[in-house]
Amino acid sequence: MHKSNLPSVHSARRQIPAIVVTAVMLAASLAGCGGACGGESKCVSQAAAAKDRPARVTPKKSALITARRGSVTDTYHGTKVADPYRWLENPDSKESRTWIDAQNAAFSGWLGKVGARKGIRHRLESLWNYERYGVPTQRNGRYFYLKNNGLQNQSVLYVADKLGAPGRVILDPNTLSKDGTVALKGAYFTKDGKHVAYQIAASGSDWTEIKVRDVATGKDLPDHIKWVKFSGASWRKDGSGFFYSRYDAPKRGEKLKGVNYFQKLYFHKIGTTQDQDKLIYERKDHKDWGFSGSVSDDDKWLIVSVWKGASSRNQVFLAALPSTSKKVKKSRRKKQKQKKKKKKKRANKTGPNVVRELLTGFEHEYRFIGSEGSRLWFRTNDGAERGRVIEVDAVHRLKKDWKTLIPEQKETLRSVRLVGDRFICHYLKDARSLVRMFDTKGQADAKSPILKLPAIGTAWGFSGDRKDTETFFAFTSFTFPTTIYRYDFKTGKATVFKQPKVDFKPAEYVTKQVFVPSKDGTKVPVFLVYKRNLKKDGKRPVYLHAYGGFNISLTPSFRVDRLQWVEMGGVYALANLRGGGEYGNAWHKAGMRGKKQNVFDDFSSVAKWLVKDGWTTPKRLAIGGGSNGGLLVGASITQHPELFGAALPAVGVMDMLRFHKWTIGWAWVPEYGSSDDKDAFAWLHAYSPYHNAKPAKYPATLVTTADHDDRVVPAHSFKFAAALQYAQKGPAPVFIRIETKAGHGAGKPTSKRIDEAADKWSFLVGVFGKQWFSLPQQPTPIPTPVNKTADNAPAKRSLPTK
């Protein structure tokens, strides 16, 4: 299944595929303690009490914009459910636009009184202003890679004619729009490196277009593919064309909210128009099936991954591809002349449109790795909760004939790449990377059975083809900026290829991992990042982040906004909740559908532990998460408003009864269940943030969304913000920040990312009080990026051992 339809906010580390933030305000009144002070501290003098009282911004209740409550009521399985803000589902109505403008003005006015944003934003710019590279992809001796000079809104696609040669620009997305809102979503190169099919998206939408560019001239061919969503492009070996999937053009006015059904798989031949593209596969009897076509490295097979919703479980169909070899074609023409009567039958048997079932049932996950003749290799959790590698014969397809090449390990197998005649297996050990290498027979690699990584963190990439003698990968951690390495299969060594220099000192920070018992005793991994000299006095501002769903794993990674929070004196906590993929299939299942409450319990348990262990107080504990993580934050504050001081749900799934009625929301039913089902309605209604915003003293809340989010439509956030503002009985503010010309997160321009982070941290400073932070006193000048190196000067340092 193509993972991009998941309701998630993915980290910025994703590269070109190898083919490429109103908690209860601090009520710190210590007057009249009389030697028996309660609350956060023991008896203190009046002077000390005044110092401890936060300098905060407290809006009048009337400052909140109260939305009109409608009278819409739905009946679900005999239960009546009010939906007073149904009218906000239409963001283009005059009433909705008035509400949106008032909300943005209210938040902007409040934030202006905090007086910290200018310094925070300038420091963010300074930290962000460093060169960063993507993982290179080699094609016929040419090296393709992404590079960002520092503050460019979008990374630029380069090519170097050989390793170490100067790079030249192939495509600069920053020239495609004045505000940097057109993003490069993917780049797919032909085997000979002569052409690139590049995929672009505007204003953060999931809708993309594919164009083809000549690498030598830098000019586009006439080819132009539209209405592509949740699909990349996979070339034939001879570069004659590529396979891709798309939907029919949406009806007028439905582009950003219409439901997406009936995806179809096509083949586009270079030099032709889209209306001439050949339909390879569709299922009119299954509107919820999606298709991802991938050409095997030897060009013999079209592997069709059939996905259904956002579940990781899929089916695999197969088609033999007709040879593009001239000799084979000549021989075939001769035989066709001799056997004219069998011409049609033969063409049907060898054509790519003859797709047959190989692995069926939607019961397990199967990810194609590579092939050799009729032997096809897959990563699967079929018969292995934590994953294994199997060999399936294209002819003898019975399960009894499958062969296990790499058996299940203690760690969770998350991905496998076939490069240099080796299976490069990426495992997770307590949510951190472990990379093992095996030969094609499943035996441990003689030179590097386990790839040495520089620290506890995350590795990814491993680009290349089966016969390549090198591969490139990236490594990152919370205080380790993303560094690109080159691994030489001949020597079995990895060396630094591109290493960024960021304006901070890693040695001044600490990363530790703890395991916190949840409500039912389950141990939940939590990473903590903070300054080495930080005083653990039970009063520190803590930002707790998590996701907990869709088999998605959150692992250590370097992010500038996160670094600034820690630099200002805050503690960053990342919790690996059930529902994710950190510990395999069982861990995922324990946090989905009717067991979703386990995720919220895990999160609240971590929050309680952070207080109990002496890190913070509920009044200075902020929680944040995006999309499914936004749902997590929304559910957490409606279930336990007393546990948190601030909440920042981003682009969250907040209406759990109607989510499946918009765009790709129906695809999340396997994960959440649907209100159309009586049993599922019961558990969804029990935790749906929008429907559980009952009168209470809620923490300070900043809801964030974007007007072009066509994955988790902004109606979710609009309705939840309106409901929470109405239900708020405490003094803490509830705001919503609505970004324009942006979507769910992917492809967001650097300038918008900086603005969003500045608003987020300024909000928490305003809520918690300036005295708890080390704030930039003056705008920090933006220097020239510290490592403006030539593209042809890779570092030649050996990768340190563990």
Side-chain angles (χ1 to χ4, degrees), residues 2 16-20 137-142 144 186-199 210-216 220-225 228 231-246 264-282 291-305 316-333 346-356 358 368-374 376-377 394 417-419 463-468:
H2 200 273
I16 292 178
I19 36 179
V20 199
T137 295
Q138 186 267 130
R139 287 288 183 270
N140 196 29
R142 286 175 166 173
F144 301 87
Y188 315 91
F189 308 96
T190 55
K191 291 285 185 180
D192 59 13
K194 292 182 179 181
H195 294 99
V196 54
Y198 68 93
Q199 194 169 13
I210 298 176
K211 296 183 179 182
V212 179
R213 178 160 293 193
D214 183 286
V215 172
D220 283 345
L221 303 182
D223 307 73
H224 190 182
I225 309 300
V228 179
S231 173
S234 186
W235 287 92
R236 290 300 308 271
K237 188 175 182 178
D238 65 348
S240 60
F242 55 82
F243 295 93
Y244 73 97
S245 298
R246 70 176 179 89
K264 301 172 184 177
L265 177 63
Y266 286 90
F267 178 78
H268 174 73
K269 184 177 180 181
I270 294 303
T272 64
T273 56
Q274 185 171 10
D275 58 2
Q276 295 177 285
D277 290 353
K278 185 175 183 179
L279 175 62
I280 302 302
Y281 199 71
E282 67 173 331
F291 311 101
S292 177
S294 177
V295 178
S296 62
D297 195 48
D298 60 9
D299 204 51
K300 291 183 178 180
W301 305 101
L302 173 64
I303 312 297
V304 183
S305 178
V316 176
F317 295 169
L318 185 70
L321 291 172
S323 176
T324 57
S325 168
K326 293 182 178 180
K327 290 183 179 180
V328 173
K329 286 182 177 180
K330 184 176 180 179
S331 176
R332 180 174 294 157
R333 284 195 296 268
R346 182 182 296 109
N348 285 339
K349 283 188 174 182
T350 59
N353 60 324
V354 180
V355 178
R356 58 189 179 89
L358 181 67
F368 178 65
I369 302 169
S371 63
E372 186 172 277
S374 64
L376 311 176
W377 299 313
R417 297 299 302 272
L418 179 59
V419 188
S463 62
D465 292 331
R466 179 172 177 180
K467 297 302 180 181
D468 287 353

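Quick caveat: nothing in here was measured; it's all calculated off a predicted structure.
- Closest approach of Gly239 and Thr190 over heavy atoms only: CA-CG2, 4.0 Å.
- Every residue two or more places apart in sequence or in another chain was checked for a side-chain hydrogen bond (donor to acceptor under 3.5 Å, both in side chains) with Ser245, and none qualifies.
- In terms of the salt bridge (charged side-chain N to carboxylate O under 4.0 Å, His left out) criterion, Lys237 has no residue partners (sequence neighbours excluded).
- Judged as a side-chain contact (heavy atoms from CB on, under 4.5 Å), and not counting sequence neighbours, the contacts of Lys264 are Asp248, Tyr266, Leu279, Glu282.
- Inter-residue side-chain proximity for Val355 and Leu265 is flagged as unmet; no heavy-atom pair is nearer than 4.5 Å.
- Annotation: side chain of Asp277 is in contact with side chain of Tyr244 (closest heavy-atom distance under 4.5 Å).
- Side-chain contact between Asp297 and Leu418 is absent, with no heavy-atom pair separated by less than 4.5 Å.
- Here the side chain of Trp235 pairs no donor or acceptor atom with the backbone of Lys191 at under 3.5 angstrom.
- Remark: Gln138 pairs with Tyr143, Asp468, Glu470 by the side-chain contact (heavy atoms from CB on, under 4.5 Å) rule, at least two apart or across chains.
- Qualifying side-chain contact (heavy atoms from CB on, under 4.5 Å) partners for Asp298, counting only residues two or more places apart in sequence or in other chains: Ser296, Lys300, Trp301, Ser371.
- Under the side-chain hydrogen bond (donor to acceptor under 3.5 Å, both in side chains) criterion, Ser374 pairs with Asp393, not counting sequence neighbours.
- No donor-acceptor pair closer than 3.5 Å links the side chain of Ser292 to the backbone N or O of Ser305.
- Between the Gln199 side chain and the Ser231 main chain, a donor and an acceptor come within less than 3.5 Å of each other.
- A search for salt bridge (charged side-chain N to carboxylate O under 4.0 Å, His left out) contacts involving Asp299 returns Arg236, not counting sequence neighbours.
- The minimum heavy-atom distance linking Gly293 with Ser234 is given by the pair O-CB, 3.4 Å.
- Scanning all heavy atoms of the two residues, the minimum distance from Gln274 to His224 falls at OE1-O, 3.6 Å.
- Under the rule for a side-chain hydrogen bond (donor to acceptor under 3.5 Å, both in side chains), the partners of Asp223 that lie at least two apart in sequence or sit in another chain are His268.
- Among Val304, Leu302, Ile303, the one residue that satisfies the side chain to side chain contact (heavy atoms under 4.5 Å, CB included) test with Phe243 is Leu302.
- Side-chain atoms of Leu358 and Phe368, non-hydrogen and from C-beta on, never get closer than 4.5 Å to each other.
- Below 30°, between 30° and 60°, or above 60°: for Phe189 and Phe144 the angle between ring planes is below 30°, a parallel geometry.
- Within the 4.5 Å cutoff, no side-chain heavy atoms of Arg466 are placed close to those of Ile369.
- Between the NZ atom in Lys194 and the CZ atom in Arg142 there is a gap of 8.5 Å [rounded to 0.5 Å].
- Looking only at side-chain heavy atoms (C-beta outward), His195 and Asp214 come within less than 4.5 Å of each other.
- Under the 3.5 Å distance criterion, the side-chain polar atoms of Asp465 are left unmatched by any main-chain donor or acceptor of Lys467.
- The shortest heavy-atom contact between Asn140 and Gly193 is CB-N, 4.4 Å.
- For Tyr281 and Phe317, the ring centers sit closer than 6.0 Å to each other.
- Every residue two or more places apart in sequence or in another chain that forms a ring pair (Phe, Tyr, Trp, His ring centres under 6.0 Å) with Trp377 is listed here: Phe423.
- Put simply, the side chain of Val228 reaches to within 4.5 Å of the side chain of Arg246, judged on heavy atoms.
- With contacts defined as side-chain heavy-atom distances shorter than 4.5 Å, the pair Ile210/Tyr188 does not qualify.
- Partners of Asp220 according to the side-chain hydrogen bond (donor to acceptor under 3.5 Å, both in side chains) rule, which considers only residues two or more places apart in sequence or in another chain, are Tyr198, Arg213.
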